[in-house]
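Scroll down for the structure; my scribbles are underneath it.
Since the structure is predicted, the reported quantities are computational estimates derived from the model, not experimental observations. Chain letters run A, B, ... following the sequence lines, proteins first and then strands; every chain starts at 1.
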Protein chains: 2
Amino acid sequence: MTETPRWLSPAQQNAWRCFVRMQEKLNGRVSRDLQAESCLSAADYRVLVHLADAPDGRMRSSDLARSVEWEQSRMSHQVARMVKRGLVCREGCFKGGRGTFVVITPDGRRAIAEAAPRHVETVRRLFIDLLTPDELRTLARVSRRVVEQLEK
Amino acid sequence: MTETPRWLSPAQQNAWRCFVRMQEKLNGRVSRDLQAESCLSAADYRVLVHLADAPDGRMRSSDLARSVEWEQSRMSHQVARMVKRGLVCREGCFKGGRGTFVVITPDGRRAIAEAAPRHVETVRRLFIDLLTPDELRTLARVSRRVVEQLEK
DNA sequence: TAGCTCTAGTTGTCACATCAACTATCATGC
DNA sequence: GCATGATAGTTGATGTGACAACTAGAGCTA
């Protein structure tokens with residue numbers, strides 16, 4: 001019953017390994033740079049970007065989770081840590097008690113405003129500027145295709 | 001003193017976001033599938049692949065760390081967890097005490113042998129088979145270039 | 001109003017990654 | 001011998017992620 005597995009060709013295997021290696025190194029480096037320059041983790045950055053964009057810098061926890069594509073529990077833990085560092089705060093919801101708002105604080109705004117330009121510069125230097133427009137287009141196209149398949 | 005940051009063009013921003021999103025989803029899914037089908041995490045898998053390839057299934061801890069490109073401490077923690085589950089064991093080194101070997105156990109060999117075909121199939125289904133040979137070549141080329149830049 | 005289910009959100013547990021601190025062995029030079 | 005430094009390896013603290021269990025309000029319906 002065990003079918004012969006369709007192993008990858010050498011070229012495929014090589015491509016996959018290069019790709020995995022690149023992801024690991026790039027993510028590690030981008031996160032480390034961000035952390036070093038702004039004391040924000042990639043997760044912090046992401047949450048702050050979304051909050052700063054929202055009207056009044058506030059979003060319901062579940063909406064926030066949806067928009068960064070995380071599970072609620074992950075968001076809850078993350079927000080708890082960010083509250084402790086004063087980047088955001090929680091606010092009980094309007095009528096009744098069923099909702100929680102997450103609100104960016106002035107410190108949070110300052111942090112993201114300072115971090116953003118350097119972060120963009122890092123992404124440029126370590127990635128974007130190394131690719132031709134054509135390569136970038138290919139990458140975007142492939143990425144969309146893979147994501148689409150994953151969401152099926 | 002604050003220079004105008006060179007923000008990304010819409011196309012660049014889009015490409016970067018698609019790419020990041022793809023990585024997250026793909027990694028998450030591949031790891032989850034691996035875990036579900038074989039009770040191995042991506043880290044376990046990686047360690048086992050390298051050990052199974054080594055003569056006698058044994059490597060010095062530091063060599064193992066080097067070959068999977070991890071820090072020693074990460075490897076040490078990982079090996080500790082794997083020892084607890086019986087996938088590998090540690091063996092004091094030959095003369096004197098300065099080294100430690102990590103050795104794959106029969107259970108470890110069984111686990112990796114069972115996991116590999118399904119894992120390859122997953123990688124194929126979710127990634128490799130979705131790309132044309134040309135796209136795959138581009139991806140490999142770009143990955144090598146980015147890694148090279150990171151290692152400078 | 002009691003009972004049910006849905007959704008929102010929190011919490012605990014464990015796996016994992018990183019960093020700094022620590023121990024132990026080896027190699028060298030005096 | 002013994003100081004000194006380099007290398008190998010472990011450990012603990014902390015932040016982070018995934019998952020399951022739990023709490024609690026909202027809406028429905030009998």
#### Entry: Residues, nucleotides or ligands: over 12 heavy atoms within 6.0 Å of Q13(B) CD
yes

### Message
Can you confirm whether R17(A) is buried at CZ, in the sense that more than 12 heavy atoms of other residues, nucleotides or ligands lie under 6.0 Å from that atom?
### Response
no

### Query
Is the shortest side-chain N/O distance from R60(B) to OP1 or OP2 of dG9(D) below 4.0 Å?
yes

### Task
Report yes if a side-chain nitrogen or oxygen of S62(A) is closer than 4.0 Å to either non-bridging phosphate oxygen (OP1 or OP2) of dG9(C); otherwise report no.
yes

Integer-rounded Å distance: [N] [atom2] and [X] [atom1]:
{"X": "M82(B)", "N": "dA17(C)", "atom1": "CE", "atom2": "C1'", "result": "16 Å"}
{"X": "E91(A)", "N": "dG9(C)", "atom1": "CD", "atom2": "C1'", "result": "16 Å"}
{"X": "W70(B)", "N": "dC16(C)", "atom1": "CH2", "atom2": "C1'", "result": "9 Å"}
{"X": "M75(A)", "N": "dT16(D)", "atom1": "CE", "atom2": "C1'", "result": "13 Å"}
{"X": "R85(B)", "N": "dC16(C)", "atom1": "CZ", "atom2": "C1'", "result": "11 Å"}
{"X": "K84(A)", "N": "dT10(C)", "atom1": "NZ", "atom2": "P", "result": "15 Å"}
{"X": "Q78(B)", "N": "dG12(D)", "atom1": "CD", "atom2": "C1'", "result": "18 Å"}
{"X": "F101(A)", "N": "dA8(C)", "atom1": "CZ", "atom2": "P", "result": "13 Å"}

### Message
What's R74(A) touching, base or sugar-phosphate or nothing? Going by heavy atoms closer than 4.0 Å.
### Response
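Here R74(A) touches the backbone only, sparing every base.
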
### Message
Does R90(A) reach a base, just sugar-phosphate, or nothing at all? Heavy atoms under 4.0 Å.
### Response
sugar-phosphate

Looking only at side-chain atoms of [X], point me to the closest of [options].
{"X": "Q72(A)", "options": "dT10(C), dA18(D), dC16(C)", "answer": "dT10(C)"}
{"X": "S73(A)", "options": "dG17(D), dA20(D), dA15(C)", "answer": "dA20(D)"}
{"X": "R32(B)", "options": "dC19(D), dA17(C), dG9(C)", "answer": "dC19(D)"}
{"X": "S61(A)", "options": "dA15(C), dT10(C), dT18(C)", "answer": "dT10(C)"}

### Message
Both R81(B) and E71(B) contact DNA chain C. Taking the nearest nucleotide for each, which residue is further toward the 5' end?
### Response
R81(B)

### Query
Hey, can you pull the residues of residues 41-58 of chain B with a non-hydrogen atom under 4.0 angstrom from DNA chain D?
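Within this stretch, nothing sits under 4.0 Å of the strand.
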
#### Entry: Evaluation steps, salt bridge (Lys or Arg N to Asp or Glu O under 4.0 Å), between D44(A) and R85(A)
CA-CA 11 Å; D44(A) 298 333; R85(A) 288 185 296 143; 2.7 Å; yes

### Message
When you measure only distances, ignoring hydrogens and angles, does the side chain of H77(A) come within 3.5 Å of the base of dG12(C) through a donor and an acceptor?
### Response
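Flag set: donor-acceptor pair detected.
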
### Query
Does any N or O in the side chain of R145(B) come within less than 3.5 Å of the main-chain N or O of L130(A), such that one atom is a donor and the other an acceptor?
yes

Does [X] come within less than 4.0 Å of [Y], counting only side-chain N to carboxylate O?
{"X": "D129(B)", "Y": "R6(A)", "value": "yes"}
{"X": "R46(B)", "Y": "E24(A)", "value": "yes"}
{"X": "R58(A)", "Y": "D63(A)", "value": "no"}

### Message
Applying a strict under-4.5 Å side-chain criterion to I, L, V, M, F, W and Y, I'd like to know whether Y45(B) and V88(B) cluster together.
### Response
yes

